[in-house]
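Side chains included, hydrogens not; waters and symmetry mates left out as well; all remaining heavy atoms used.
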Amino acid sequence: MAEDGSGGDKADADDQTVALDLERLILDAPRRYTPYQAARAADVPMELATRFWRAMGFPDIGQSRALTDGDVIALRRLAGLVESGLLSESMAIQVARSTGQTTARLAGWQMDTFLDSLTQAVEPGLTRADVAYPLVELLLPELEQFLVYVWRRQLAAVTGRVVQAAEDAEITSGRLAVGFADLVGFTRLSRRLEEEELGELVETFENTCSDLIAGLGGRVIKTLGDEILYVSEDPVTAAEIALGLVETLAGDDTMPELRVGLAFGTVTSRMGDVFGTTVNLASRLTSIAPKDAVLIDGEFAAALEQNGSVAPTELEGPDLAEALSAAAGLPVGVDVNAGHRFRLQPMWRRPVRGLGLVEPWLLSRRVHGG
């Protein structure tokens, strides 16, 4: 037992040494400072330094000597933005929090991606620790450059949208089309599948949806395992995305059915997320949508009609359609809506929790010549 304990202690010590070596490689600096020493070196009040540290998502470490010169420089820069008046203290905290949350998730995704390389040793007898150091050493500079490139690209795109906004209010509270896509029966399915199978299904869902949304001009706001939230300034684009998602996933036998809810209206944007009644309505419509179908609200239907993607007759009813056919000298039953992209079918009005009475519309593609 003593030998086992000794061997276990040695293994733990070896793992800790490797972890510290990896930390030093990634941070490119050794541990030197306690939090108090780092705050003093950066000439920043300890209280503000603690707020920045917590906002980035890191736990309190007491007076452990765990911080590096990089931490001091980052702290000094962030505090300098406040001192110069470029950012208020609350804005600087938000910058720290949004950056910390985003990069924490990014780091988690990347480690999941590279996990196979860490668990499958190149040669027999090699441990995960043996593989980790050279792998990180090779990947780190390339990933760092790619991260900066993508960040600049995303920043350019967001800045362009802000500059083109007609009014300041549109930047944080504009009208957007909001879409929720949700896998049907995911909870039940998760109890049946092995963890690896479930992970592969979620990854396929997220990758397929993200690629299609981006390719058609929408923006992914967030993914929640079996659900994805996206937005678009253009209702037609949002509708094309919704139908494209249903059609694409329906062609994959490994995927469950999908249901999508769409709403159009005022949306509040903050720290990369979206909020408001429109978002809530899209979520509620998703929960009541039929399998492999898309439900939209009345505002969305009106926006499609105004754009010309659906005919006014569909919003008014079949009687008006027949009257217009007769007025145009066409036989009753001739589709006067030919040429429009989408078809709408009114559904039963129903109460929706927290939103009152809602009249949803079933959205589908119009098939011409059939």
Side-chain angles (χ1 to χ4, degrees), residues 15-111 132-133 136-137 139-163 168 171-173 221-222 268-275:
D15 289 345
Q16 187 174 10
T17 299
V18 172
L20 289 173
D21 288 344
L22 281 168
E23 178 188 281
R24 182 167 182 171
L25 171 66
I26 294 170
L27 299 180
D28 195 27
R31 294 182 173 189
R32 289 186 58 185
Y33 306 97
T34 66
Y36 175 78
Q37 291 169 336
R40 187 173 181 180
D43 195 22
V44 175
M46 182 63 191
E47 180 183 355
L48 182 59
T50 301
R51 292 184 66 195
F52 283 149
W53 185 253
R54 289 174 179 172
M56 286 186 286
F58 299 117
D60 295 338
I61 57 174
Q63 288 306 310
S64 301
R65 194 181 296 272
L67 304 184
T68 71
D69 288 325
D71 295 303
V72 172
I73 293 170
L75 187 56
R76 186 180 297 147
R77 283 176 173 167
L78 200 53
L81 292 173
V82 176
E83 292 171 4
S84 67
L86 289 172
L87 295 178
S88 66
E89 185 173 311
S90 62
M91 288 174 63
I93 295 294
Q94 287 182 10
V95 168
R97 178 169 289 112
S98 60
T99 306
Q101 290 177 353
T102 302
T103 51
R105 192 177 186 191
L106 174 63
W109 276 344
Q110 290 175 336
M111 188 49 59
Y133 194 95
V136 172
E137 191 172 27
L139 285 172
L140 186 62
E142 302 301 326
L143 290 177
E144 183 176 17
Q145 291 298 317
F146 188 70
L147 173 61
V148 173
Y149 156 73
V150 176
W151 172 71
R152 285 181 178 271
R153 266 289 175 189
Q154 293 286 4
L155 188 62
V158 173
T159 303
R161 291 197 294 270
V162 170
V163 170
D168 289 346
I171 299 172
T172 57
S173 186
I221 298 299
K222 58 186 173 185
T268 298
S269 302
R270 186 173 179 83
M271 294 182 67
D273 208 343
V274 290
F275 310 92

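The distance from the CD1 atom of Ile26 to the CD atom of Glu137 is 11.0 Å, given to the nearest 0.5 Å. Taking CD of Gln154 as the reference point, atom OH of Tyr149 lies at 9.5 Å (rounded to 0.5 Å). Taking CD1 from Ile93 and CZ from Arg54, the interatomic distance works out to 10.5 Å, rounded to the nearest 0.5 Å. For the atom pair CG (Asp273) and CD (Gln101), the distance works out to 10.0 Å, reported to the nearest 0.5 Å. With rounding to the nearest 0.5 angstrom, the CZ atom of Phe275 is 10.0 Å from the CD1 atom of Ile221.
With sequence neighbours left out, Thr99 forms a side chain to side chain contact (heavy atoms under 4.5 Å, CB included) with Val95, Thr103. With sequence neighbours excluded, the residues forming a side chain to side chain contact (heavy atoms under 4.5 Å, CB included) with Leu81 are Leu78, Leu86, Leu87, listed by chain and number.
Counting only residues at least two apart or in different chains, salt bridge (Lys or Arg N to Asp or Glu O under 4.0 Å) contacts with residues 22-42 comprise Glu23-Arg31, Arg32-Asp69. For residues 87-102, the salt bridge (Lys or Arg N to Asp or Glu O under 4.0 Å) pairs, not counting sequence neighbours, are Arg51-Glu89. Screening residues 73-87 for salt bridge (Lys or Arg N to Asp or Glu O under 4.0 Å), with sequence neighbours left out, gives no hits. Listed by first and then second residue, the ring-ring contact (aromatic ring centres under 6.0 Å, His included) pairs involving residues 53-107 are Trp53-Phe58 (not counting sequence neighbours).
Pairing each heavy atom of Phe52 with each of Ala79, the nearest pair is CE1-N, 4.2 Å. Closest of all the heavy-atom pairs between Leu75 and Ala38 is CD2-O, 4.2 Å. Between Met46 and Tyr36, the closest heavy-atom pair is SD-CA, 3.8 Å. In plain terms, the two heavy atoms of Leu143 and Gln110 that are nearest each other are CD2-NE2, 4.3 Å.
When the shell of 6.0 Å around CG of Asp21 is examined, it contains more than 12 heavy atoms from other residues, nucleotides or ligands. The neighbour count for Glu47 CD, taken as heavy atoms of other residues, nucleotides or ligands under 6.0 Å away, does not exceed 12.
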Test side chain to side chain contact (heavy atoms under 4.5 Å, CB included) applied to Val72 and Tyr33, step by step: CA-CA 9 Å; Val72 172; Tyr33 306 97; 3.7 Å; yes
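Side chains of Pro35 and Ile61 form a contact here, defined as non-hydrogen atoms less than 4.5 Å apart.
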